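Only one structure is covered here, and it is reproduced in the block below.
It should be emphasised that the depicted structure is a prediction, and the values quoted were computed from it without experimental measurement.
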Amino acid sequence: MSRFFIKAISIYIALVLAALSPALAKTFCSMTLNSSDEIATFAAALTKQGFNFVELVPDNKDPRWFQRACKSGIQCDVLLVSGHFGGLFFGEATSQTIDIAQMEKASCDNSCPGILKNPKEVFLMGCNTLASQKRDHRTIDQYLNVLLNDGIPLDFAEQVVASRYAQQGFSLEKRFAAIFPDTAKLYGFYSTGPLGKHAAPILNRYLKSVGDYNAHLDSLNAAPNSKIAMAFKGQSFRETTPWKILPTEERGLYCALRSSDKSVQSRAVVQIAQENKVTTYFDSLASQLTFGDTTAGQIDTTSKDIIKKSLAKIRNNNSDLVTIQHDVLQVSSSLGLIDPLSRDMHVRMLLDQAYSQTLNYAKIRQICGIIRDEPGFQNMTFTRLRDLTKRSPYFMLTLGCYSELNDDTRTFLFTKIASPDAEFERTIALQVMKPHWKTEDMDFLEMVLKTADPILRARLYISGRAVLNQYKYSLLVTPGLPSCILKAETNPQYSLGDEWSCLTNHKAQLSPDVCDYFASRNPDPENADDMRWYCWSDNKQRLLNSRPECFLLAETFKIRGNQMKNIWNCSNRDIYGY
């Protein structure tokens, strides 16, 4: 019997089985980023009703899992998203995340219709997923601290807090309505929601009350779902119908601001100004307009004047939120409302405001966000660098955020490499200098190399390999870690086994800069982060006793969920153990 005949018979059998199965078998999709209790409850109840269950989050740590799911062509009738939520969904035991901004972009450009447009029902099982901008039992500072404790950066957290509590931008409820415009029912929470293990029995009671879930989906209409509301009574539960909460025209403007066509974007900005809705769309303006693009030239003077007045009010209403102040500055610059000299002055004032506050790690990351958005900006003298370093052990981490280093900063880093006040200062300085070494720095390097021990010579080579490459044989001939680095440098083909051996055989010499060297050589981001996790697990007590180095290692992680988890470790683990 030919293979062609066997294949034809197989296809025929598959078609017959498909014809015998329910004609309208529905697909239940899930994004399980934390608790699996909820999806297990649905599967137990609905599999026997003919539902097909598809988990969209893979077992691996692929950071592009959402894009791959979108391209798969899957058509979801129901979607369940389960995870902690703070502007993005994440979990305690998984590395995958999904940012609300990713979902907004995919929905607006229609690149993920099967997941974001097709579902009739969407369950958003995370805190505040359908929050309005009304105050709840927490203050702004309390919610901000919750996000920071989860490892979410301060700049991102301030934007989420403003979206949640300030009367500007879209509420989280409206943002999800924009993401799922064709969905009949969105379910979520307007404040803190129950953990998965507590939500599961509630869902189980709800499903029993519904009975035939196929019939339930087919009969969905504008009437509230009283059964699920009753099941979740007292749990901050909310049901939303997207077209009611966000009219089509508003979503059109929302998506127009996310268009890659600058003419479309510019027309949307003008319309928003003419309708006096700058405050309403502020978060979209801040996230989508970039300094130096062509939008400013297509906005008329009258519209600019309206926008300028609205931005002044937003700035005054958010005087304590440095990130929102910077967002106002970004929008003003993008639309040509301030000149470069004024922009520079405002950036200096914002950084001064940030530096005057408590310089914990969260504040340092916020400062980094501002610096990264200001390419070429410099405002540091040697004296100020020294004073800020004395104020906070984390301050030096900000120096890695500059695209260029001025002479004072370079000199300061040289002193920390040659004679640091604490060893973590040398580690940070070596890592910060990696992309900035110049041939004229050879006199300094030669001076330090003369007195350095073999391990420090190897670390100096890792940092300055751009200018020291020709000297690798003389610098790395010592047995142990140096020779391991030499083997890596001279091996024309990458050897994962050899790289891992360099880590496992030299545990005592593993510092964040050394770990990042081997991990950065690994072409697989998931396996590369596994190397970084190994460095954390085998050195965690030392890293917890040297928190700046702990955060330095955390910042090298490439997968966002991994980075958040390691930042949480550095922030919350006790220095005396667990």
Side-chain angles (χ1 to χ4, degrees), residues 28-43 53-70 76 78-103 106 112 115-116 122-131 143 145-153 156-157 160 164 172 175-176 179 187-189 191-203 235-236 525-527 529-530 532-533 536-537 554-555 557-573 578:
F28 196 115
C29 297
S30 56
M31 298 181 187
T32 308
L33 294 151
N34 193 45
S35 167
S36 59
D37 297 288
E38 298 101 329
I39 188 58
T41 300
F42 276 106
F53 281 79
V54 178
E55 176 58 57
L56 302 176
V57 181
D59 291 333
N60 60 32
K61 299 175 183 178
D62 182 3
R64 293 185 56 79
W65 67 269
F66 177 63
Q67 291 88 335
R68 297 187 197 285
C70 291
C76 305
V78 184
L79 174 66
L80 167 73
V81 187
S82 174
H84 294 304
F85 180 74
L88 76 164
F89 288 98
F90 62 98
E92 296 167 11
T94 58
S95 295
Q96 293 93 340
T97 61
I98 182 164
D99 191 326
I100 191 173
Q102 287 178 274
M103 301 172 80
C112 198
I115 297 172
L116 303 181
V122 175
F123 294 81
L124 301 170
M125 305 301 288
C127 297
N128 290 290
T129 47
L130 293 183
Y143 186 41
N145 286 329
V146 167
L147 298 178
L148 295 177
N149 287 336
D150 283 330
I152 294 174
F156 188 85
V160 174
R164 173 66 182 85
L172 292 170
R175 292 181 74 176
F176 277 114
I179 291 169
Y187 306 120
F189 301 91
S191 186
T192 51
L195 295 173
K197 62 182 179 181
H198 301 306
I202 297 174
L203 287 169
Q235 298 289 341
S236 301
E526 182 178 344
N527 197 272
D529 270 8
D530 286 343
R532 296 179 173 98
W533 277 125
W536 155 256
S537 61
E555 290 185 348
F557 279 81
K558 301 305 180 187
I559 296 174
R560 188 174 191 177
N562 288 339
Q563 187 180 83
M564 287 175 61
K565 286 177 176 57
N566 205 225
I567 287 173
W568 186 93
N569 286 330
C570 297
S571 302
N572 297 288
R573 297 295 187 189
Y578 304 145

Query raised in the report: Can Val57 and Thr32 be said to form a side-chain contact (heavy atoms from CB on, under 4.5 Å), step by step?
Result: CA-CA 6 Å; Val57 181; Thr32 308; 5.6 Å; no
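- Nearest heavy atoms, Gly193 versus Cys127: N-SG, 3.3 Å.
- When all heavy atoms are compared, the tightest approach of Asp37 to Thr41 is O-OG1, 2.9 Å.
- Note that CE of Met125 is 4.0 Å distant from CZ of Phe189, once rounded to the nearest 0.5 Å.
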Report task. Dump the intermediate steps for side-chain contact (heavy atoms from CB on, under 4.5 Å) on Ile39 and Phe28, then the final yes or no. Result -> CA-CA 9 Å; Ile39 188 58; Phe28 196 115; 3.7 Å; yes
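- Applying the 6.0 Å contact sphere to CG of Asp59 captures no more than 12 heavy atoms from other residues, nucleotides or ligands.
- Expressed to the nearest 0.5 Å, how far CG of Asn566 lies from CD of Glu555 amounts to 10.5 Å.
- Here the closest heavy-atom approach between residue Ile567 and residue Ala554 is recorded as CG1-CB, 3.8 Å.
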Report task. In sequence, state the C-alpha distance, the side-chain angles, and the governing distance for Leu79 and Leu56, and then conclude on side-chain contact (heavy atoms from CB on, under 4.5 Å). Result -> CA-CA 10 Å; Leu79 174 66; Leu56 302 176; 4.2 Å; yes
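- Considering CG of Leu172 and CZ of Phe85, their distance stands at 5.0 Å, rounded to 0.5 Å.
- Smallest separation of non-hydrogen atoms from Arg175 and Ile100: NH2-CG2, 3.4 Å.
- Not a single side-chain hydrogen bond (donor to acceptor under 3.5 Å, both in side chains) links Gln67 to another residue, sequence neighbours left out.
- In this structure, CD in Glu526 is found 5.5 Å from CD1 in Ile559, a value given to the nearest 0.5 Å.
- At least one donor-acceptor pair under 3.5 Å links the side chain of Gln96 to the backbone N or O of Pro58.
- One distance of note links OG1 of Thr192 with CG of Asn128; it measures 7.5 Å at 0.5 Å rounding.
- Between Lys565 and the options Phe557, Phe90, Trp533, a side-chain contact (heavy atoms from CB on, under 4.5 Å) holds for only Trp533.
- Summarising the geometry, atom CE belonging to Met103 is positioned 5.5 Å from atom CZ belonging to Phe66; distances are rounded to the nearest 0.5 Å.
- Scanning both residues, Asp99 and Gln102, for their nearest heavy atoms gives N-OE1, 2.8 Å.
- In this structure, the side chains of Asn562 and Arg532 stay at 4.5 Å or more apart for every pair of heavy atoms.
- The shortest distance between side-chain heavy atoms of Asn34 and Phe89 does not fall below 4.5 Å.
- Taking Asn527 as the reference, Trp500, Asn522 meet the side-chain hydrogen bond (donor to acceptor under 3.5 Å, both in side chains) condition, with sequence neighbours excluded.
- Here Phe42 and Phe123 bring their ring centres to under 6.0 angstrom of each other.
- Of all the heavy atoms in Ser35 and Ser82, the pair that sits closest is O-OG, 3.0 Å.
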